[in-house]
Each structure stands twice: as C-alpha cells, then as structure tokens.
Amino acid sequence: MDYRLNVTFITFGGHVEVQRYRYLYFVIMFTVYMLIISSNVTIVSIIMIHKNLHEPMYIFIAAYLINSVLFSTAIYPKLLIDFLSEKQIISYPACLFQWFSFYWLGGSDFLLLSIMAYDRYVSICNPLKYTTILQKNTVNIFLISAWVLPACLVSVAVLLGAQEEICNFHLKGILCNSSVQTLYCVRSRIISIYGLVVLFTALLLPVLFILFTYSRILVVSYRCRGVRRRAAQTCLPHLLVLINFSCLTAYDVLLPRLELDSPKSVRLIMAVQVVIYHPLFNPIIYGLKMRRIYDHLKKLLCRML
C-alpha cells in the first residue's frame, strides 16, 4: 500500500528468474506481440479491402481477429513493462481493469465463435434462406451483442470484487485473471456463485450451441456428398480455434478454483500459452485454411516479393 498516494499495489510472483532473463523475455514477447498485431491486422485489412470478402462469414472472422488484437493489447504492454522493471507490480484498480478486459474479450471470443457456427449452419443446412436470415442488420446485432453482453456480465463481477477487502497483496501469476480472488480476506460466496453463472452463460452455453450446430452440419454433410468439401473447408478452421481456445480457457478458469499448488515454472508456461497461442495462431489458421483469404494473402505476398 502506498499511503502517500492512497493506492494499493499488487505484486506479481509468477515470473521465473526475471532478473536474469529480463531482456530475453522482453525480446521474445515483444516479437510475439508484433507478430500478433501484424498478422491479425493483415487478415482484417484483406477482408475490408476486397469486396468479395464482404460476406457475413468473413465479417465475423474480422471481428474475431480484432478481438484478438484487443485481448493482446490488454495483456502485452504490461507484461513488457514488467520484464524491464525491478519490481513486477500493478495498482489494484489497474489489476481490476485487466481482469475485466481479460474475461470480457474472452467471453466475446466464445460468442463470436458461436455466431460463426450459426453462420455455417445456416449456409450449409439452409442455403436458400441464408441471405434472408443473415441480413446486414442481423449481422450488426450479432456483433454488438458479442461485445456488449460479456462486458455487462463481467463488469458486475468486477464491481462486486472491487467492494471486497483484500489482505493478500501477492499474486502467483503474471497477470490479473480469476486468481484475483485469492487476494480477498474472505473468499466471497456471492462472487463465486455469480462467476459460475457467467461461466455457464458466456462459455458453456456457446460451446454447447457450437457442438449442436456442427453436429447438424455433420449429419447434412454425411447425407449430401456435394456439401462435404465446402463444410470441411469452412468449418475445420472454426473447430481448430474452438478446441485450442476451450482447452486454454478451461485451464485458466479451473486452476484458481481447484487451488492446485503447481510449480511456478508450470504456471508461467501455461499463462504464456494462454496469451500467445490463441491470438497468434488464429490469423494463421484462417489465413491458410480459408480459401478466399489464402488466395488474396498469396497475391499480397507475391507483390511484396
């Protein structure tokens, strides 16, 4: 606690030999951050520039990649500062804001994935009604809801957390996520119950909906050979992203609740995977697996070379 400024500071204790490898950590994470920004922005720009990509499916992909940039920007600048600092600390209000951003954008990811699954379901199972169902206004409503709904849900949890008294000023991780609850003098039952409600609403429901839509697509693809190839080309990238993101999210959410005392190096590796794999590999998956995007990307690379 800094009594002169009346600001509470939280210490991150999840770094491994940061004093010794600070510059190596900084160079690696800065390079990754630049790759994330450049790769995601490149795919989004390709979608915005080319009119044949101005379709709901590609608009949802662009929104999803923009979300990855926002997620990375909420995490990486603070990580980079910590690597070069003598003390890895963060003010409590800033920690709450990072906590909010982390789960707001994570929840938005799941909703956007469910919207993309619905888009594929309508396109493959009801192709004649596709343009009627997914009109411009519908697309806009989907996109606004994907960002506003998680923001409202997570903001309530953060506001509840901000009212709690904290007795511990040391976090075992390298960023502010659900482990913030370990700072409280008494673990709040209300926050725990509400967290489960948010988990069910923003994570489990979208995942169940995605599994349902893809099971329906699988049935239609099995019956009609003509749609198998199109289904595989457009659905496989979404499934790869969903599996990757779901596994990392499950680890992040469950570990603090289970209170497992895992080694610091293991915690660091898993935390780094959460902030690297998802935003870095998404543009690679969509850039290589989506045929139209890949064609435009190849033309762009040919011009540059």
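Please read these numbers as outputs of a predicted model, since none were measured by experiment.
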>> Counting neighbours of CZ on Phe97 that are heavy atoms of other residues, nucleotides or ligands and sit closer than 6.0 Å, is the number greater than 12?
In response: no
>> Test side-chain contact (heavy atoms from CB on, under 4.5 Å) on Cys95 and Val180; report intermediate values, then the result.
In response: CA-CA 8 Å; Cys95 186; Val180 170; 3.9 Å; yes
> In Å and rounded to the nearest 0.5 Å, what is the CD1 to CG distance from Ile66 to Leu105?
Replying inline: 12.0 Å
> Considering all heavy atoms of both residues, which atom of Ser145 and which atom of Leu111 are nearest to each other, and what is their separation?
Replying inline: O-CD1, 4.1 Å
>> Using only atom types and a distance under 3.5 Å, with no angle test, would you say the side chain of Tyr25 pairs donor to acceptor with the backbone of Val16?
In response: yes
> How about Arg22: does its CZ atom have over 12 heavy atoms from other parts shown lying under 6.0 Å from it?
Replying inline: yes
> Rounded to the nearest 0.5 Å, how far does OG of Ser123 lie from CD of Glu55?
Replying inline: 8.5 Å
>> Looking at Leu153, is its backbone amide N or carbonyl O close enough to the side chain of Tyr194 to form a donor-acceptor pair, meaning the two atoms are under 3.5 Å apart?
In response: yes
> Looking at Ile89 and Asp82, what are the two nearest heavy atoms and their distance?
Replying inline: O-OD1, 3.9 Å
>> Checking Thr213 against Arg120 for the side-chain contact (heavy atoms from CB on, under 4.5 Å) test, could you report, in this order, the C-alpha distance in whole Å, the side-chain angles of both residues, the deciding distance, and whether it holds?
In response: CA-CA 8 Å; Thr213 54; Arg120 292 300 82 211; over 6 Å; no
> Shortest non-hydrogen contact from Met29 to Tyr76?
Replying inline: CE-CE2, 3.4 Å
>> A quick test of your reading: do over 12 heavy atoms of other residues, nucleotides or ligands sit less than 6.0 Å from CG of Leu211?
In response: yes
> After noting the C-alpha distance and the side-chain angles of Ile217 and Cys125, does the key distance pass the side-chain contact (heavy atoms from CB on, under 4.5 Å) rule?
Replying inline: CA-CA 7 Å; Ile217 292 172; Cys125 300; 4.2 Å; yes
> Would you say Lys298 and Tyr294 make side-chain contact, with heavy atoms under 4.5 Å?
Replying inline: yes
>> To the nearest 0.5 Å, what is the distance between CD1 on Ile191 and CD on Gln181?
In response: 6.0 Å
> Which heavy atom in Ile210 sits nearest to a heavy atom in Ala117, and how many Å separate them?
Replying inline: CG1-CB, 4.0 Å
> When you check the gap from the basic side-chain N to the acidic O, do Asp295 and Lys299 get nearer than 4.0 Å?
Replying inline: no
> Can Leu113 be reached from Val148 by stepping across I, L, V, M, F, W or Y side chains whose heavy atoms are under 4.5 Å apart?
Replying inline: no
> What's the shortest heavy-atom distance between Ser108 and Asn67, and which atoms?
Replying inline: CB-ND2, 3.5 Å
>> Check for me whether the distance between the ring centres of His278 and Tyr64 falls short of 6.0 Å.
In response: yes
> Are the side chain of Ser215 and the backbone of Phe212 linked by a donor-acceptor contact shorter than 3.5 Å?
Replying inline: yes
> Do Lys172 and Thr182 have side chains that get closer than 4.5 Å, going by heavy atoms?
Replying inline: no
> Is Arg292 reaching over with its side chain to a backbone N or O of Asn52, donor-acceptor style, under 3.5 angstrom?
Replying inline: yes
> So, for Phe71 and Phe102, is the gap between ring centers shorter than 6.0 Å?
Replying inline: yes
> Can you check whether His170's main-chain N or O pairs, donor with acceptor, with Thr11's side chain at less than 3.5 Å?
Replying inline: no
> Is there a path of hydrophobic side-chain contacts, each under 4.5 Å between heavy atoms of I, L, V, M, F, W or Y residues, that connects Leu84 with Val272?
Replying inline: yes
> Taking Asn40 for the side chain and Pro279 for the main chain, is one N or O donor matched with an acceptor at less than 3.5 Å?
Replying inline: yes
> If two hydrophobic side chains count as joined below 4.5 Å and joins carry through other members, does Ile190 share a cluster with Val154?
Replying inline: yes
> Checking side chain to side chain contact (heavy atoms under 4.5 Å, CB included) against Thr42, which of Leu297, Leu65, Ile47 comes through?
Replying inline: Leu297
> Does Leu35 offer a backbone N or O that forms a donor-acceptor pair with the side chain of Ser39 under 3.5 Å?
Replying inline: yes
> Taking all atoms of both residues into account, what is the closest heavy-atom pair of Ala62 and Val44, and its distance?
Replying inline: O-CG2, 3.7 Å
> Can Ile10 and Ile166 be said to form a side-chain contact (heavy atoms from CB on, under 4.5 Å), step by step?
Replying inline: CA-CA 10 Å; Ile10 308 299; Ile166 60 175; 4.1 Å; yes
> Just wondering, do Tyr103 and Val158 contact through their side chains at under 4.5 Å, heavy atoms?
Replying inline: no
> Is it true that Ile141 and Leu143 fall in one hydrophobic cluster, defined by side-chain heavy atoms closer than 4.5 Å?
Replying inline: no
>> Keeping Gln88 on the side-chain end and Phe12 on the backbone end, is there a donor-acceptor pair under 3.5 Å?
In response: no
> Rounded to the nearest 0.5 Å, how far apart are CG of Leu171 and OG of Ser179?
Replying inline: 4.5 Å
> Okay, side chain of Trp147, backbone of Trp104: is any donor-acceptor separation there less than 3.5 Å?
Replying inline: no
> What distance do Leu160 atom CG and Ser155 atom OG have between them, rounded to the nearest 0.5 Å?
Replying inline: 9.5 Å
> Hey, any chance Val27 and Ile75 share a hydrophobic cluster, counting ILVMFWY side chains that come within less than 4.5 Å of each other, even indirectly?
Replying inline: no
> Under 30°, 30 to 60°, or over 60°: which ring-plane class applies to Phe142 and Phe60, parallel, tilted or perpendicular?
Replying inline: tilted
>> Is it true that, when you exclude Met48 itself, more than 12 heavy atoms of the residues, nucleotides or ligands shown sit nearer than 6.0 Å to its CE?
In response: no
> What class does the angle between the rings of Phe26 and Phe30 fall in, given that below 30° is parallel, 30 to 60° is tilted and above 60° is perpendicular?
Replying inline: parallel
> Side chain of Gln19, backbone of Glu86: donor and acceptor closer than 3.5 Å?
Replying inline: yes
